[in-house]
Amino acid sequence: MPEYYTPALAYIAAALLVPFVPKGFLRGLYLLLVPVAGVLIFWGLTPGTYNAFNLMGMQIGLMRVDALSQIFGLAFSLAAMLAALYAWHLRDTVQQVATLLYAGSAIGAVFAADLITLFVFWEGTAIASVFLIWARRTEGSFAAGMRYLVIQIGSGVILIAGIVLYYREMGTISFTAMELGSPATWTILAAIGIKCAFPFLHNWMHDAYPSATVTGTVILSIFTTKLAVYALLRGFPGTELLIYIGVAMALFPIAFALLENDLRRVLTYSLNSQLGFMVVGAGIGTPLAINGAAAHAVASIFYQGLLFMAVGAILFRTGTARATALGGLYRTMPLTMIFCLVGAASISALPFTSGFVSKSLILSAAGYDKMFYVWLALLAASTGAILHTGLRLPYLAFFGSDGSLRPKEAPGGMLLAMALTAALCILIGVFPGALYALLPNDVKYEPYTFSHTIVQLQLVAFVALAFAWAVGRGLLPKAERSTILDFDWTYRRLLPSIIRGLRRLAGAVWDRASRNINSRLDNLVAAVFQLHGPQGPIARTWPTGAMVMMVALLLGMTLVLTYL
Amino acid sequence: MTGSSDKTTTNDKALPGAMLLGIDTARGGRIVTWLLVLICILLAAVEFVWPLHGYFEIEDQPVFYGWFGILVCIALAIFARIIGAILKRREDYYGSLSVSAEEHPAFDLAQEKADA
Amino acid sequence: MSNENLLLLAIAIPALTPFLLALFGKLPNLRDAVSVVASIATFAAVLHLLLAVIDGARPAISLLEVMPGLVLGFEIEPLGMLFATVASGLWIPTSLYSIGYMRGAHEKKQTRFAICFAIAIAAAVGIAFSGNLFTLFIFYEVLTISTYPLVAHKETPEAKKGARTYLAILMTTSILFLLVALIWTWNITGTTEFRAGGILEGHIDPALVPFLLALFAFGIGKAALMPFHRWLPAAMVAPTPVSALLHAVAVVKAGVFTMLKVGTYIFGVGFLSKTGAADWLMWLAAASILIASIVAITKDDLKARLAYSTVSQLSYITLGVALATQMGVVGGAMHIVTHAFGKIALFMCAGAIYVAAHKTKISQLDGLGRKMPITFFCFTIAALSIIGLPPFAGAWSKWYLMIAAAETSHLIIIGVLMVSSLLNVAYLLPIPARAFFLKSKDDDANGKIEEAPLFCLLPICFAALGCVVIFFTIGGLYEYLLNIPILPESLP
Amino acid sequence: MMALIEPHLPALQVVIPLVAAPFCMMLGRGGLAWIFASVVSLATFVISIALFAQTYDGTIISYHMGGWAPPIGIEYRVDILNAFVLLIVSGSAALVLPYARSSVAAEIPAERQALFYTAFLLCVAGLLGVTITGDAFNVFVFLEISSLATYALVASGAWANKRALTAAYNYLIMGTIGATFFVIGIGMLYSVTGTLNMADLAVRIADHGDSSTLRMGFVLILLGIGLKLAMFPLHLWLPNAYAYAPSAVTAFLAATATKVAVYVMLRFMFTVLGFDYEFQADTLRMVVLPLAIIAMFAASLVAIFQDDLKRMLAYSSVAQIGYILLGLSLLNETGITASIVHLFNHAVTKAALFMVAGCFIFSAGTSSISKLAGVGRDMPWTTAAFVAGGLSLIGLPLTVGFISKWYLVLATLELGWWPVALMIMASSLLAIIYVWRVVEVAYLQPAPAGVTRKEAPLSMLIPTWIFVGLSVWFGVNAMLTATAAGRAASALIGSSHILWKD
């Protein structure tokens, strides 16, 4: 069935076979090789749409190969491989199957040439990923998983509604750039917005990611949001609204990231902020900005993944990711610390790391277009990223106060995965040309100008200084065991209490009404029984006289009628 | 980074990260801070030797990135404190419907001590 | 054998099987074998007809004239053929499943059960092949009566009460409304024949159309349109095979099938959309979808939850009719198939859980997934199909219903379908999730539980597989459904 | 031979049972009398089939008693309507008699059985006479013959239950009052027209036009017949009479007596007084129609609460008579068709059901519903017959009850009388309740411990199932009954139209 071929199929087929591969080394190897097979399918293909066919009058294209889909496909595949390596120790078939399905769906979505295929894989990512949360097997993760699932599937159904409207409006379902304006496109944007964690649509991330298993969170951090960024780049490049959304997105999670105690949640907030950069890039929409967004997505897959891996390794060895319980881990987990610092440097956009070469594309794009305030806001967001993730996170985990934890260094699989990811971050930073060559638009850009390198170093150094100073004085908000309320409060607390209230009200009204109706019915039945029951006047055996009376009565009645 | 130095036992010397021991003491912190001050001064000085250029006028301000970073840090710290004051709740605020208050299940972990 | 004879055969086999069943009542193995063979034979006949219908044949036969002008006759058209194929096709796995279930659960009076089951299938096929509304009504009532003993099977007070509710609502609606609607139709048009494009146009004052439609919509109580849905949850006291085949497929689908048929062949889609007579029905169906879903969330009893889910899903099909476009009819008809596979699998799983673990409450299912992985895996697949997620069958029918809503510019209906999907997630997915991922509170009691008998498992797997296969082979079904005539045939 | 008999069939129809009755009494022992009565009833049945076949195409047979031409002589006039009723009466008799063998043997002492069969034959003769005669006064005579026989038949239940005597007494009083009213009414018609031949009456009344005497006559006939056919609220004699009469009698009476009375009513209203007689139309619509609707509900509700199966069925009969009266008081062709077709349908159904009750009494010794728990297991065929009959009573398709309901509702819809259509349906829902109450008890309740019940004997089961079979057969294929009823209705209306036009 060559016409049904897409890289996703390799993953899905592989996922179905996972239970039959013996656990341990063989299965680990198997999981590592699947992404390789996936890449082989599309690598080297000339751009174009493959495997197109007609389904019920709709033009389905399972595989569209162009630079944009290829770079995301490649990044996803690589990340899937690294994640598999990271999860080498894992013996949970459910998570392994879910991982493959999840990665496959994400890659399938990236290569989808039409909206239906996109929808199919879009939902695929939602369903497959929730198992990574549920696999934690606790009450809390069950509830978080349910919330995550409802929102993710919600995104999917909004997408399909948008597609329906779009199909109705345009008569086609091919997935190309759209103009925001009709209900169809607004709906599609909303669907993407949920997965992309636009402000106020973002809560699922902070709710679900820290609720997953050790390896699950790493995998979750890779695909869903970047898929959404891809969809924005494909569907809504140059949509001005996205610039403002992106700016808001980049800025507001910073405060939460500074307050959070759970390091995995800190990372989700910082991920959310980084996504803001990409959304701005999509919104600016110039070839450079698109390149920037794509590059930043790729770079952030790896450095954010690296950070999640490091925190995951800590959790794996200590049983907690709470900042309040950690600290001083550099003693026993120095390698993890080093890799974490590489990730931190990347997100801080330190020169010669991947963050530097990707973020500067977006900032430059804003700069070329003279979008001063956007530029300024992004700069502020960068500063925030340096502060909360570049400095605070490693500080709380590895330095800070000694929590007297002396865990063992992370296991080999994790270390190797982190090492490779860290190497990638640095390689991209040192040799940006390789990344740039893969970007969708052909734009010349040189990140390592003298000015640019120096100012970025200035920024990082001064912020670090400020941080060191503030830490010495205890000026930063303290990490405490706490819950920081976010917008999810509205549906986790407000909405349920409204529903409870309504339910109580409706229940009372219903009770009252049904009691009323029931008593009326009872009365009716009683009255009927009184009249028609065995002893009732209608059923009773009347004496002959009474019968005759009845005859006389009827006769009288009809006779009256006679003389009318 | 105070009060933890006494926890450093002889045993820690054998740990793989022993190279950095002392960095989390008050003295270590001071050293790091001064090192940073030195770096900052150097980087600021570069600017006066080789003039830099950016996209906007504001970048021409002396050591713009330096003071901008510090200002943003201050603003963020204040803002975060305000947010924290308003939105911080008990860890078990959402009860059993959240993972916040529960421990990570042991089967998913391999908690091993370094000295074990 | 001619198609006409095959048609009669398809009804006659299940209708005559009861005699054999009664004969072998004392020999359970032979009796159950008869059931299975009869189901296969029926399906073979139906399948043969299906192929003929795909080739364009429209077999018709008039049996006799019951009253002057009122003919007991059959005629096959694509919609009825579809329903017959689904009902008779799913009878095979269900009859296998019944063997496992009835024996596993040690139910009494299995012969009576098998007899009534066969009659119900005969009635369902009869409904599917009815050539006119009058014939359809006859089989509709036969179906009601023949399923009453099945609902009351356990003979406990609850069973009796449930069966009473079942009978009362179905009878009341069918006699009070449907029969009146039928006679009205006969009165004004002088025919009850199903005709492409409808028979009413030009015979009835457009202002009265909504009322006639109301008589039909509420009269077809089997479609479980709110507020006449109570019988469906009440019928859940029946043994699970009944809930699975009859109250997820044959009976309820007979209801919505009748809605589709009435909408397409009595009113005519064009007439409905021209007069706007179905607007109120559309809103009612939408409300029914949402309210039933919300009620489902509050139910802890597994079968009750599935029953309310059925109520909600049936309204999808009614909605398809009420949207009054070709795509609505296509979506509704498609939903008959897709929902059948999903819901029968869910009910069979519920039955398997009951047989294997004697659990009926959702809150008791924690940790059972480890003991019964196949059952719960299939449950998950079926649930995803019901929700309407790819790559499972339910996604397509929802797609066409949405298309229909978009065609008629009813954005709110699209919203309703979206919200309904989410509500489906909320009430269906926690069940397997709890079973797989939460720990049981009483591990000791669950220690001995293992998968249900093979006779139960195989049909479940078959139905779940169906959900996947239909997703990928939907093109054929769609092409087939386009054959449903929407416009009046041009007169020669 | 046939050629010799054939012209005299109308006379033979009545004469055979009438003459046979005294002979039957002389036969003494039960068995012989039963055989004799059965043969006679079979013969009358054959004759009525022949008559029906002759009139089915619309032919009207006019037979002049003793060769005297009407209006002086007595005319037996057979058209499709009364051929149809004849068929019902003689057919019921022919089927009830085989059934009566075991049933009567259990309920009446052997030495009295010959008398019983004599009364039975007399009753048959009377009912046939009422139906076939074309002479108004003759109707009264035969009506009294049949009524008197009926009183005796009801009273013969006294060996089983003494209350049968009071029931029969009440019936006697009421029946007599009815007969009196009826005969006075006929007298008034005679005083206006000077003739007793119905066809002649019709012509002369049309010539004469409306008058208060005519009105009085009409009212008295209406009430007189109303009493006989148990029109609500003149039905008070019926439940007890039906409940306490021997089972076979109840089955026979339920199938025939009230139906013949309805026939008389139809005949007088539409043939004699004419379809377009305005006062009659007003009375029907203002008095009979509301009473019919009340009957449908009130009697059904009473039936719901009854514990005795026979009483329950009796009240159900009152309700069903409501349907018949409703049909004719709608005063359109479909309505009258509905009434006529329901005559037959209800006769078949109710006979079957009362026979079932008789089987229960025979085998289980009781007709109390609460004592029939679990009877479905012990007496499967009898109970199944009840279910089939019950479904017909409810009016489900594939039973005759459905056919009646179809026409009745169609008639109301033709007039645009919505609420009435819905009321008809609603009252059939009440039938579901009282039927299903029995079904539930019989099938879903465990039999009380220690009770053993055998299936009823074949001699009772077969006639019962023949009636059930008929009620299904004519429900599946109603062409014969519906066509006959339709033709009868159109004949009734058609004839009066012609008469009143000039």
Side-chain angles (χ1 to χ4, degrees), chain A residues 1 4 8 12 19 53-58 60 93-94 105 116-124 126-127 130-131 133-139 141-143 145-147 149-169 183-184 187 191 499 503 506-507, chain C residues 294 297-298 327 330 334 366-367 369-370 373 377 380-381 383-384 387-392 395-396 398-409 411 413-426 429-430 432-434 436-439 471-472 474-479 481-482:
Chain A
M1 284 196 308
Y4 287 108
I12 291 162
F53 59 94
N54 186 310
L55 181 71
M56 299 185 277
M58 300 178 289
I60 302 286
T93 308
V94 170
S105 297
I116 292 277
T117 311
L118 178 75
F119 163 72
V120 169
F121 290 120
W122 195 265
E123 292 285 33
I127 302 163
V130 75
F131 287 97
I133 300 166
W134 280 338
R136 181 164 160 166
R137 299 176 189 278
T138 63
E139 281 282 343
S141 71
F142 168 72
M146 271 325 293
R147 289 192 294 271
L149 190 62
V150 168
I151 293 172
Q152 291 295 306
I153 290 182
S155 157
V157 297
I158 293 173
L159 180 65
I160 190 77
I163 297 170
V164 164
L165 294 172
Y166 188 74
Y167 182 43
R168 172 84 188 137
E169 188 182 326
T187 316
I499 289 173
R503 214 176 137 179
Chain C
I294 290 168
I297 293 177
T298 64
M327 284 303 126
V330 167
M334 214 180 253
D366 291 6
R370 290 276 173 106
F377 180 69
T380 314
I381 288 181
L384 292 173
I387 296 164
L389 296 182
F392 305 107
W396 287 124
K398 214 165 246 189
W399 162 262
Y400 280 106
L401 288 173
M402 280 189 170
I403 293 263
E407 277 177 355
T408 52
S409 306
L411 295 190
I413 295 297
I414 295 183
V416 167
L417 292 172
M418 285 157 58
V419 174
S420 161
S421 281
L422 297 185
L423 290 170
N424 289 350
V425 173
L429 286 185
R434 295 187 80 101
F436 276 121
F437 295 109
L438 287 185
K439 259 212 224 31
F471 177 83
F472 289 105
I474 198 71
L477 181 59
Y478 176 76
E479 293 293 325
L481 290 176
L482 288 183

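Lettering of chains follows the sequences in order, A, B, ..., and the numbering in each one begins at 1.
- For the pair C:E407/C:M327, a side-chain contact is recorded, criterion being any heavy-atom separation below 4.5 Å from C-beta on.
- A search for ring pair (Phe, Tyr, Trp, His ring centres under 6.0 Å) contacts involving A:F119 returns nothing, not counting sequence neighbours.
- For a residue to count as touching a neighbouring chain, one of its non-hydrogen atoms must lie under 4.5 Å from one of that chain's; by this rule C:L411 touches chain A with the side chain only.
- In this structure, the portions of A:E139 lying under 4.5 Å from any heavy atom of chain C include both its backbone and its side chain.
- The shortest side-chain heavy-atom distance between C:T380 and C:F436 falls under the 4.5 Å cut-off.
- Interface residue A:M56: backbone and side-chain heavy atoms are both found under 4.5 Å from chain C.
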Listing, residues 417-424 of chain C side-chain donor-acceptor contacts under 3.5 Å, not counting sequence neighbours, or none:
residue, atom, partner, partner atom, Å
C:S420, OG, C:Y316, OH, 2.4
C:S421, OG, C:I387, O, 3.2
C:S421, OG, C:K398, NZ, 2.6
C:S421, OG, C:L417, O, 3.4
C:N424, OD1, C:Y427, OH, 2.8

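- C:L438 touches chain A through its side chain: at least one heavy atom from C-beta onward sits under 4.5 Å away, while N, CA, C and O do not.
- Neither the backbone nor the side chain of A:R136 comes within contact range of chain C, judged by heavy atoms closer than 4.5 Å.
- Only the side chain of A:V94 comes within less than 4.5 Å of a heavy atom in chain C; its backbone stays farther off.
- By the 30° and 60° cut-offs, the orientation of the rings of C:W396 relative to C:Y400 is tilted.
- C:F377 does not touch chain A: none of its heavy atoms, backbone or side chain, sits under 4.5 Å away.
- Looking at A:I158, the atoms closer than 4.5 Å to chain C (heavy atoms on both sides) sit in the backbone and in the side chain alike.
- Within the 4.5 Å cutoff, side-chain heavy atoms of A:F142 are placed close to those of C:R434.
- Looking at A:I153, both its backbone and its side chain come within 4.5 Å of chain C, counting heavy atoms on both sides.
- Here the straight-line distance linking atom CG of A:N54 with atom CD1 of A:I60 works out to 8.5 Å at 0.5 Å rounding.
- Neither the backbone nor the side chain of A:T187 has a heavy atom closer than 4.5 Å to any heavy atom of chain C.
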